[in-house]
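What you see below is based on every heavy atom in this structure, not just the backbone, and it leaves out hydrogens, waters and symmetry mates. What you see is a predicted model; the values in this text were computed from it and never measured. In listed order, ligands and their atoms are each counted from 1.
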Amino acid sequence: EIARLDALEILDSRGNPTLAVTATLGNGVKATAKVPSGASTGKREAVELRDDDLARYNGKGVLKARAHVETEIQNRVRGFDANDQAALDKALCDLDGTPNKARLGANAILGVSLAVARASAADRSLPLYASLGNESANLIPAPWFNVLNGGRHANNSVDFQEFMISPVGAPNYSEGLRVAAETFHALKAILQKRGYSTAVGDEGGFAPQLKSNEEPVELILEAILKAGHQPGIDVVLVLDPATSELFEDGEYVFAKSDKSRKSPEQMIEYWTRLLDQYREIWALEDGAAEDDRSGWQQLTKALGNRIQLIGDDNFVTNPKIFRQGIKDGIANGILIKLNQIGTVTETLECIQIARENGYGAVISHRSGETDDTSIADLAVAAGMGQIKTGSVSRGERIAKYNRFLEIERELGARARYAGASVYERWQA
Ligand code: PGA
Ligand code: ZN
C-alpha cells in the first residue's frame, strides 16, 4: 500500500518549475513521475497550480502544489492499495472537490496518480505498458515527429504550430525512427543551404523564418525525398496549426506571416485546398478553434471522411467534454494529454471512449517536458497506434523515442508496429 509521498520542485525543458512526485509503498518499492506543462493550453484544461509569487520564477513556482502532495494528499491516500488506480484517482478528485482540480492543482494530482501507477508496476515487476494496459499489449505507435515548429513554440514567421512527419511505411518502430531521423537531418541540410536558421523550437523541430505557412510543407517533402524516402508512402505529413491560438473575434488571424484574416468558412476552404494540393498530409489537429464549435462541425463534415481530424484544445482529454463533442459530430480523433485532465484513470477513460466510438487517440507530450517516459508506455498500453512527442532532437523528446526502442526489444517477436494501419478507415 501507499506509505509515503514526496514532491520536488524541478525544472521542465523550458526552464520553468514543475513537480516530480515520488510514491513509496509499504514494502519500500518507490517510483517517481514528472509532470509536463503546455504553452498553447486549452481553456478548459485542468488547472496547473502556480504560486503566483513574483519573487520566485516569475510567479511560476510550484511550492504550493508540492505542499499539497506532502500534506493533504499524503494524509488522504496513505494506506491506499497502489494497485487500485481507479479508487486512488477518485479519492484524489473528491479530495480536490472542484470540477477542474483547481484547489490542489492538476500538477499535484497527476504527479501522485502517475507516481503510484509507476510504483504499482514496479511492485508487480511489470513494465508500465503491461501494468497500465494488459499483458498482451504489443502495438508500438507510428509517431508524429514534429520537425518544424512555429506558432507559440517558436519566435519565427510561421503561424502554424507543428509540422510533423510520420514514418508509416516502415516495417517496424526502429526502422521508422531511423527514417524520421534521416529526414530530420536532410531537412537541416536543406535549411542550411538556403540560409535558414537551424536552431530548434520548444519541441525540437527547426524554427526558421519562412515566407509562408505552406513553405514548411514544401521543405519537408523535399527533405523526405533527399533522405531517400517516398513522401505519401514511406513518410506522411501531419499538421497541428493549433488554431485556437489564431482565433480572434470569430476570425482566424495569421498574425505571424501575412497578417490575413479568415472567417471559419474561409478557414475550412483553406484546409480543403491545402489537402487537395498535398495528398501526403494524412492528419490535421485543431484545424478549428476550441471556441468555434460550428467551424469544427463543418470541418468534420467537409474532411472527416478523408483524413484524421484530431481534437486537442476542444476536448482537453476530458471524458465529459469528449462525449459531448462526439455527439456534436466533432472530429474523428482525440489528442490525449495526461495533464489536461490530471489522473491516469480519466486519461484511460478518454482512450476507451475513443475506441468505442471509432475515434483515433493520439497520446501526446506537452511543449514543456521532462525526461519522464511514462507516455511511451501509455501509448503501448492504449494500443491505439499513435503518439506525438516532438522531433528527433532535445533530450526530453528523445527519451520517449528511446523508450520505445527498449519496449520493442523487450517484446521481441511479439512487437507489432502500427505503421499506416490506423489510417485505413479514412482511405476507403
Ligand atoms: P502545448 O502544445 O503542449 O504547448 O499545449 C501541444 C499541442 O498543442 O498539441
Ligand atoms: Zn495541439
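With contacts defined as side-chain heavy-atom distances shorter than 4.5 Å, the pair K34/T18 does not qualify. Under the 4.5 Å side-chain criterion, counting only non-hydrogen atoms from C-beta, L104 is in contact with E72. At a threshold of 4.5 Å between non-hydrogen side-chain atoms, the residues S244 and D291 do not count as touching.
With waters neither drawn nor counted, the protein N/O/S atoms under 2.8 Å from the Zn ion (ligand 2) amount to 3.
At a threshold of 4.0 Å, the pair D52-K60 does not count as salt-bridged, since none of the basic side-chain nitrogens sits closer than that to a carboxylate oxygen. Using a 4.0 Å cut-off between a side-chain N of Lys or Arg and a carboxylate O of Asp or Glu, E406 and R409 do not qualify as a salt bridge. The pair E222-R194 meets the salt-bridge criterion, with a side-chain N (NZ, NE, NH1 or NH2) lying under 4.0 Å from an Asp/Glu carboxylate O. K101 has a carboxylate O that lies under 4.0 Å from a charged side-chain N of E346, or vice versa, which qualifies the two as a salt bridge. With respect to K337 and E45, no salt bridge is recorded, no charged nitrogen being found less than 4.0 Å from a carboxylate O.
Considering backbone and side-chain atoms alike, E285 places an N or O below 3.5 Å from some N or O of ligand 1. Of the N or O atoms in A39, one or more lie within a sub-3.5 Å distance of an N or O in ligand 1. For R14, no nitrogen or oxygen atom sits less than 3.5 Å from a nitrogen or oxygen atom of ligand 1, counting backbone and side chain alike. Distances between N or O atoms of S37 and those of ligand 1 include no value under 3.5 Å. Where the criterion is an N or O separation shorter than 3.5 Å, residue side chain and backbone included, H153 meets it with respect to ligand 1. The shortest N or O to N or O distance between D240 and ligand 1 is below 3.5 Å.
The shortest separation from a heavy atom of R152 to ligand 1 is not under 4.0 Å, leaving the residue out of contact. Residue contacts with ligand 1: H365 is excluded, as none of its non-hydrogen atoms falls under 4.0 Å. Assignment of S40 to the shell around ligand 1 is supported, since a heavy atom sits closer than 4.0 Å.
Y401 pairs with exactly one of W144, F145, Y173, F184 by the ring pair (Phe, Tyr, Trp, His ring centres under 6.0 Å) rule, that one being F145. Paired with Q340 under the rule side-chain hydrogen bond (donor to acceptor under 3.5 Å, both in side chains), one option of D312, N318, D313 passes, and it is D312.
Per-residue contacts place G38 under 4.0 angstrom from the following atoms of ligand 1 (heavy atoms of the residue considered): 1 (P), 3 (O), 4 (O), 5 (O). Counting the atoms of ligand 1 from 1 in the order shown, those under 4.0 Å from a heavy atom of E162 are 6 (C), 7 (C), 8 (O), 9 (O). Interface atoms of ligand 1 facing K388, defined by a heavy-atom separation under 4.0 Å, are 7 (C), 9 (O). In summary, the atoms of ligand 1 found under 4.0 Å from a heavy atom of D312, numbered by their order in the structure, are 7 (C), 8 (O), 9 (O).
Here the protein heavy atom with the shortest distance to atom 8 (O) of ligand 1 is Q161 NE2, 2.8 Å. Here the protein heavy atom with the shortest distance to atom 3 (O) of ligand 1 is S367 N, 2.8 Å.
Neither the backbone nor the side chain of A242 comes within contact range of ligand 1; no heavy atom lies under 4.0 Å. The part of L335 lying near ligand 1 is the side chain, judged by heavy-atom distances below 4.0 Å.
When the heavy-atom distances from atom 6 (C) of ligand 1 to Q340, R366, K337 are ranked, the shortest goes to K337.
Donor-acceptor pairing under 3.5 Å is recorded for the side chains of D159 and S257. For the residue pair N149 / E203, no side-chain donor-acceptor distance below 3.5 Å is found, with atom types taken as modelled.
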So W271 and F160, ring pair (Phe, Tyr, Trp, His ring centres under 6.0 Å) or not? Walk me through it. CA-CA 12 Å; W271 293 131; F160 302 159; 5.2 Å; yes
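Annotation: ring pair (Phe, Tyr, Trp, His ring centres under 6.0 Å) contacts involving residues 324-362, sequence neighbours excluded, comprise F322-Y359.
Under a cutoff of 6.0 Å and an axis angle of 45°, K259 and F254 do not form a cation-pi pair.
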